[in-house]
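Let me begin by handing over the structure; questions about it come next.
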Amino acid sequence: MAIQQKLSLMIPGPTPVPEKVLQALSKHPIGHRSKDFQDLVEVTTKNLKWLHQTKNDVITITGSGTAAMEAGIISTLSKGDKVVCGENGKFGERWVKIAREYGLEVITIKAEWGSPLNPKNFKKILEEDKQKQIKAVILTHSETSTGVINDLKTISSHIQEHSKALSIVDCVTSLGACNVPVDDWGLDIVASGSQKGYMIPPGLSFVSVSEKAWEAAKKSCLPKFYLNLKSYKKSLASNSNPYTPAVNLVFALDESLKMMKEEGLENIFARHNRHKLAVSSAIKALNLKLFADEEHLSPSITAIETGEIDAEEFRKTIKNKFDILLAGGQDHLKGKIFRVGHLGYINDRDIITVITAISNALLEQNKISTQEVGEALFAASKHLNIN
Ligand SMILES: *Cc1c(COP(=O)(O)O)cnc(C)c1O
């Protein structure tokens with residue numbers, strides 16, 4: 001029987017929350033117009049810039065990751081603007097829907113679910129746009145629905161050659177998991193959310209905004225109010241917020257950013273890479289198939305094909321027997337894949353445990369022998385800090 005309090009979240013958000021962060025959440029709220037709160041915003045803003053590796057403004061919004069992306073889109077664009085959207089999974093689809101909802105003219109660049117977007121397709125469309133009609137390129141860096149990481153660095157370089165178009169990027173499961181150097185890569189708008197790599201419960205989202213994007217914001221005339229980034233910029237000048245922010249989540253943010261700084265960016269990226277390699281190599285040893293192209297695996301999530309096994313039943317078994325919550329497949333992938341989240345507050349022990357749990361469930365169904373269990377753990381441990 002499962003022990004509810006010990007449930008391990010190995011889904012791509014919400015992710016586990018460290019004790020220190022939980023304690024910060026439980027403090028009594030303070031006034032959001034107080035000097036204390038302003039001091040807090042000053043520090044968290046500084047540390048957010050550190051995390052984003054940027055000098056750009058980084059704005060905190062009360063809302064989930066989708067709010068951050070929507071804010072970026074509607075604060076910089078106008079009705080009828082032509083935009084290019086990269087679409088190779090559920091989140092890519094969502095940005096197309098939002099863009100269309102606001103009356104933008106959308107050109108999609110697609111790839112099969114499980115494959116990465118081809119940067120050459122972006123290069124071609126942008127080069128052919130001699131009149132500079134394309135106002136933005138919208139895409140997802142780490143496509144959580146399939147476990148694919150897109151080549152954002154190369155795509156961004158093509159956008160910069162075009163010179164007019166803004167990049168509006170969903171980095172929700174890449175920021176805080178792998179290198180996203182916002183300034184080096186010249187990213188204009190980068191969106192992320194608290195319940196992912198930040199190790200905080202859901203409720204906050206973040207948007208970094210370049211000078212070029214602020215210029216575009218001056219001309220933007222899509223309808224907006226709560227998510228108008230210009231209002232946030234104005235308030236940020238005095239370390240404030242236009243509306244009542246989720247004060248306690250900002251306490252949590254302060255704590256989690258301090259933890260991240262203590263660990264250091266390089267170590268955080270190395271840990272996620274290690275876990276990605278450990279999980280993917282174990283999965284292969286267990287004779288299961290990775291859903292995503294192996295050279296383009298996301299650092300934060302691994303999608304696994306289950307073949308004739310019902311992936312939903314399999315997830316249920318893992319949850320009931322081991323108190324580990326795994327994610328299912330979305331849309332047409334439901335029942336066909338399951339996804340292991342290894343994002344945020346995850347350590348090597350969590351990885352060993354989830355591999356053992358998956359092995360045990362396969363063993364019970366006579367899909368593998370004990371030899372493969374040993375091989376999977378051996379394959380994983382080569383990548384972990386335990387050998
Ligand atoms: C979680 C996630 C989001 C944000 O979803 P919300 O439910 O709005 O927080 C956006 N993009 C990706 C790739 C995600 O994984």
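We count ligands from 1, going down the list as the structure has it; atoms in each ligand are counted the same way.
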> Got the closest protein heavy atom to atom 9 (O) of ligand 1, with its distance?
Replying inline: Gln195 NE2, 2.8 Å
> Which heavy atom of the protein is the closest neighbour of atom 15 (O) of ligand 1, given with residue, atom name and distance?
Replying inline: Thr144 OG1, 2.5 Å
> Regarding Asp170 and Trp95, is there a side-chain donor-to-acceptor distance under 3.5 Å anywhere?
Replying inline: yes
> In this structure, are over 12 heavy atoms from other groups packed under 6.0 Å from Lys110 atom NZ?
Replying inline: no
> Can you tell me how far the CD1 atom of Ile301 sits from the CD1 atom of Ile11, to the nearest 0.5 Å?
Replying inline: 9.0 Å
> What's the spacing between His332 NE2 and Ile337 CD1 if we round to 0.5 Å?
Replying inline: 8.0 Å
> What protein heavy atom is closest to atom 6 (P) of ligand 1, reported as residue, atom name and distance in Å?
Replying inline: Ser64 OG, 3.3 Å
>> Out of Met69, Arg94, His141, Lys90, who is nearest to atom 5 (O) of ligand 1 when you count heavy atoms only?
In response: Arg94
> Where do Lys90 and Glu143 land on the salt bridge (Lys or Arg N to Asp or Glu O under 4.0 Å) test, with the steps shown first?
Replying inline: CA-CA 8 Å; Lys90 186 84 184 160; Glu143 181 43 86; over 6 Å; no
>> Please confirm whether Ser142 approaches ligand 1 to less than 4.0 Å, judged on its heavy atoms.
In response: yes
> Short list, please: which atoms of ligand 1 are under 4.0 Å from a heavy atom of Gly65?
Replying inline: 4 (C), 6 (P), 8 (O), 9 (O)
> Do we see a donor-acceptor contact under 3.5 Å between the side chains of Ser369 and Glu372?
Replying inline: yes
> Quick one: nearest non-hydrogen protein atom to atom 12 (C) of ligand 1, plus distance?
Replying inline: Asp170 OD2, 3.3 Å
> Hey, which atoms in ligand 1 end up nearer than 4.0 Å to a heavy atom of Thr173?
Replying inline: 15 (O)
> Can you tell me which residue and heavy atom of the protein come closest to atom 3 (C) of ligand 1, and the distance to 0.1 Å?
Replying inline: Phe91 CE2, 3.4 Å
>> Suppose we measure from atom 14 (C) of ligand 1 to each protein heavy atom; which comes out shortest, and what is that distance?
In response: Lys196 NZ, 3.0 Å
>> Looking only at side-chain N and O atoms, does Arg339 offer a donor or acceptor that is under 3.5 Å from a partner on Thr302?
In response: no
